[in-house]
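Take a look at the structure set out below.
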Protein chains: 4
Amino acid sequence: MLKIGIIGAGRIGRVHTESIMRYVKGATVKTIADPFLGESTVEWAKGMGVENFTKNYKDVLADPEIDAVLICSSTDTHSPISLEAIAAGKHIFCEKPIDHSLEKIKEVMDALKNSNVKYQVGFNRRFDHNFMAAREAVKGGKIGELNVLKITSRDPGAPPVEYIKVSGGIFLDMTIHDFDMVRYMSGDEVEEVYAAGGVMVDPEIGKAGDIDTAVITMKLKSGALAVIDNCRRASYGYDQRLEAFGSKGQVAISNDTLSSAVISDADGVTAEKPLYFFLERYMQAYVNEINGFVEAVTQDKPVAVGVEAGLQAVLIGVAAKKSLELNRPVKLSEIKF
Amino acid sequence: MLKIGIIGAGRIGRVHTESIMRYVKGATVKTIADPFLGESTVEWAKGMGVENFTKNYKDVLADPEIDAVLICSSTDTHSPISLEAIAAGKHIFCEKPIDHSLEKIKEVMDALKNSNVKYQVGFNRRFDHNFMAAREAVKGGKIGELNVLKITSRDPGAPPVEYIKVSGGIFLDMTIHDFDMVRYMSGDEVEEVYAAGGVMVDPEIGKAGDIDTAVITMKLKSGALAVIDNCRRASYGYDQRLEAFGSKGQVAISNDTLSSAVISDADGVTAEKPLYFFLERYMQAYVNEINGFVEAVTQDKPVAVGVEAGLQAVLIGVAAKKSLELNRPVKLSEIKF
Amino acid sequence: MLKIGIIGAGRIGRVHTESIMRYVKGATVKTIADPFLGESTVEWAKGMGVENFTKNYKDVLADPEIDAVLICSSTDTHSPISLEAIAAGKHIFCEKPIDHSLEKIKEVMDALKNSNVKYQVGFNRRFDHNFMAAREAVKGGKIGELNVLKITSRDPGAPPVEYIKVSGGIFLDMTIHDFDMVRYMSGDEVEEVYAAGGVMVDPEIGKAGDIDTAVITMKLKSGALAVIDNCRRASYGYDQRLEAFGSKGQVAISNDTLSSAVISDADGVTAEKPLYFFLERYMQAYVNEINGFVEAVTQDKPVAVGVEAGLQAVLIGVAAKKSLELNRPVKLSEIKF
Amino acid sequence: MLKIGIIGAGRIGRVHTESIMRYVKGATVKTIADPFLGESTVEWAKGMGVENFTKNYKDVLADPEIDAVLICSSTDTHSPISLEAIAAGKHIFCEKPIDHSLEKIKEVMDALKNSNVKYQVGFNRRFDHNFMAAREAVKGGKIGELNVLKITSRDPGAPPVEYIKVSGGIFLDMTIHDFDMVRYMSGDEVEEVYAAGGVMVDPEIGKAGDIDTAVITMKLKSGALAVIDNCRRASYGYDQRLEAFGSKGQVAISNDTLSSAVISDADGVTAEKPLYFFLERYMQAYVNEINGFVEAVTQDKPVAVGVEAGLQAVLIGVAAKKSLELNRPVKLSEIKF
């Protein structure tokens, strides 16, 4: 039974706690650490079977019974806690992004080199039934050689501007998932990025120095093209689609809905909106990714999404940011760190 | 150039006139006969290139230049005019049903036996792109042996009660198309019918002695089952669908729409309603059926939908009517004529 | 914490055990009883946290700590064990059907009258996301007055003939779910049934005195019509669809798939087949129904699917059987018990 | 009756001839001019009712009975013949593009200024049922303010390399339709273009100095973004889709198919491929556009797609070409002519 410590009991920390306590075999949450740990969280966690709580994550790192930690705290703490956890010999599942700074991710990578620590990054979409089916089709040769990969990724609504301000910008906060998806789907590396974008949802986002809508084009090593379109607001819900087009055909995935009900009446033929919220949309993917992490640790297998994936997605994000600023395509090789 | 006479210039007569003058090669409408021929119709027809008009269909039958007639007059005149036209040696395209009376259809059949006249019945759906694709799938073995055939056929709105009163009832007026479709799709014959139905759309239809909603189950010679559901009113338009299920799989056809546009917004994901009216839905099928008739006449080939098909569909309708009255399954062999 | 005893550790007994141990809050399986209890089952159940096992279900009924039982044993034992469990004052969740005999169901109903026992019947589809969405649409007036209800229910493959022989026939074994669905969707009662059917899948099923393919038409009290089509084999998987058509429109539900992936290539535009097996298709519904049962017991609320629903579905099934034998519509009032 | 001269009897010239002779009221083709006019074309055209033929288009321009011409000859002759036709006072429908050279288009524009000639450009997609439905949704405010417009436009197969060599390159030959669609859908103007592309279909296309696959991003005056993806080959047929996303929602259009038939079997749930060829896909659009042109001429109304639209699409194409060469976004204002 793998004993796990949860560092950060916000939304995503709770999701993982619930996954582990309910659906993941061979693992349990021993301790939850959160400096702002509230009573309701404690009560909820006790109901799930968690018994230990602390406000200091160092307690978790110091506990010799705990084999692995999930770093679910705020982004700025990901890399420092990662370094401490590596030093403590704990296996690590770290939420994305590892850091906004490539240098700091590099430090984590260096630290990992001299350790036996497993390090998985929280790119949950790789574990989603739709994206996995698309990847299998691509990998299995169903579309032949990949030519054009198109990803649509729109949130139902923008987060508070306070969040935007510390988010690292849309590319590191939101598009980062899509950048990872480009690498996952193609099995290829991005060489060059061109980002166009604007403020179309909320002028406050613009005042905070960010954009809320973007189209990002990428050239891959193989010569294939990828294009992502993002928006912080879609009136009809969380829009997560993808098309991979190649020499033999195309695979496309569309949104999940609560039910397949379709109503035909005088107003038209109306199906349900996509699931609204990322937690409901990706709940099973969250379970799957933690299952994968636990399996990697307990069976000493490589993690499905390692630190390199964490680095590359941020690297593309940094290049996209630079492209937007300079209004020209930016090669990843231009980004020094 | 096949010269055609149109007998009856109501809605369907005009549809066929337009088909011939615009889309059918090798044929032209020489004369239109209609006792109530109005000026607007004449003007419209002249615009299409028709030059001769008469209030008496006998003029058409007496014209030696006219090789073929389309009988588009009211149902009660179909069989008597058919008999006269056969006697005059004209090839005949007759709108459905040939007659409400099986005996009168029999008379037409007998008259045809000693003639060289081509006789096609107006079951236009056999010439529709969707129904043809389904039939090809069935015939081509894509679904294996047919087990269950399901037809949904709903009108957007009920006709006037005055029409209902002379329509022969829902089974001979509306379901007759679906009965023919059962034979066409299955390539099989109906042996027994059970009809359930009621008045759910308009009580006036009930007062006129008819029903407006029905579910009709049929046993075919092969042992396969067929089921039709009808309604005189569908709020969302003209609903024409079919599923043929067999040992290897299923083929299904759905409704045509004006466009493929789908709008996603806060209310849902909404596609267009089916085309509302049978004329717009089946316009191409009307052209196709007349093309087929002209080809059969000019190239001396068998017609695609002969008098036997006209008889069988009415026979099933008569059995369905009896089944509804007696509330029991009725074998076609019980119907004497 | 509600302590539950599982009686019968076959496929469905295991499903419910897993539901309770993993997903149902406020309940736990204390004991599993099964006369043929194997080591692998015990080991599996221990892994889930179950600690007590017995070959004799009477041990469960005698345990004062156990408040509720799930009767998942073979159909012929459902009603006798129900009676014993009622006598023992245990709340009961009983798999469908309660019995093939209406008299025996009546005995259970009589016994319940003088007890405080909750009794829920295992019609899991009432707890499925698609069927619930359709029901909500009907109940919420989205389709106006219900006119025609159509249910397609096809298994991916026929069970072994040995199972068929003791199954009570297709209507009591398979269609029973659809009969319940007619009542659930319509909120109405069936008055008359007409069943047509045949042996199209496997002649052995015919030799066993059963059919494997059927179309069943029903008249409801309101005058609405319902029609079910069943087949024991669908090459493309488990086919579970429904259309409810009414004065204002229609609601339709279609099958669930493993993913939304659609591949377009030289062969066509191909989506995934429906989920193949009822366990994967209805897993969440099984969780939901047990959650509902536990809530009914612990909060003393009425069960969602009571003994009356269990009786009515069997009653319709018995009428359907008689209809098939006599080849005529059969009123439910004709069935005496 | 508007008398029309067809200049160029290749594929598209024949399409328009057929449209006019069969489906367009109030117009007829008096003369067809083509230097390579073959017997089979003459025979075919006579069958349609055309009576005059010449190898010299100047005969058409000199005929005082002819009011309007359709310029369907090779691209390099579009602008010189346009100038001659304007001088001759003929109304003009000119196939796209007017010219590869912006200067030459400018000459045509200048000549038009001092004339009463109607000049329509052959952007047929503006007359397609799907694109029109999408435009209506955008114009009618259904999606709110436009944020991101996405167009997918893929041919079923590449044209011969000999054609590629004189085509002006993918942007002026193929994407030009999509550039016009961006303007039509948005009701806005393009300010800046970034084009990425490569040779993924056929190396011979690369040797001819062209690309066969592209992703083009555009910034519009309003700030909205547009992105087009093109490929010269789609294994599954002619792929013509569009999504317009805005503050209130999204409208999407998908491909047309020959029928709605869907086959479910052991291989999946398979719908038909898109219509393969642009002529079958857009046949009705061709009829509509000529109808519109005839109406503009006979009723002295503005044409739906004027010379300015012809210029702008080429202008965007020239900017895209420059962007690809320089690998940077190019503003339309940079293009001098």
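Because only heavy atoms are used, hydrogens play no part in the values below, and waters and symmetry mates are left out as well, while side chains stay in. Bear in mind that the values here come from a model prediction, so they are computed numbers and not experimental data. Just so it is clear: chains get the letters A, B, ... in the order the sequence lines come, proteins before strands, and each one is counted from 1.
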[X] portion near chain A, given a 4.5 angstrom heavy-atom threshold:
X       : value
A214(D) : backbone
E243(D) : side chain
S247(D) : both
N147(D) : both

Query - Side-chain donor-acceptor pair present, N255(A), Y236(A), cut-off under 3.5 Å - result: no
Query raised in the report: Counting N and O atoms only, with roles assigned by atom type, does the side chain of E272(D) sit under 3.5 Å from a partner on the main chain of S259(D), one being a donor and the other an acceptor?
Result: yes
Report task. Look at the side chain of D178(D) and the backbone N and O of I228(D), then say whether any donor-acceptor pair between them is shorter than 3.5 Å. Result -> no
Query raised in the report: Looking at G249(D), P329(D), G198(D), which makes the most heavy-atom pairs under 4.5 Å with chain A?
Result: P329(D)
Requested in this report: Considering only NZ, NE, NH1 and NH2 on the basic side and carboxylate oxygens on the acidic side, decide whether E162(A) and K165(A) come within less than 4.0 Å.
Outcome: yes
**Report entry** Under 4.5 Å from any heavy atom of chain D - which part of V148(A)
**Finding:** side chain
Requested in this report: Let me know if K219(A) has heavy atoms under 4.5 Å from chain D in its side chain, its backbone, both or neither.
Outcome: side chain
Query raised in the report: Has R154(A) got its NZ or CZ under 6.0 Å from the middle of the six-membered ring of F245(D), at an angle within 45 degrees of the ring axis?
Result: yes
Most heavy-atom pairs under 4.5 angstrom with chain D, which of [options]?
options                            : value
G246(A), G144(A), G223(A), S235(A) : S235(A)
K150(A), M218(A), K248(A), R233(A) : R233(A)
E192(A), R328(A), M200(A)          : M200(A)

Query raised in the report: Hey, mind stepping through K322(A) and E325(A) against salt bridge (charged side-chain N to carboxylate O under 4.0 Å, His left out) and telling me if it holds?
Result: CA-CA 5 Å; K322(A) 188 169 180 177; E325(A) 282 162 20; over 6 Å; no
Query raised in the report: In terms of ring plane angle, is the pair F171(A) and F179(A) parallel, tilted or perpendicular, where the classes change at 30° and 60°?
Result: tilted
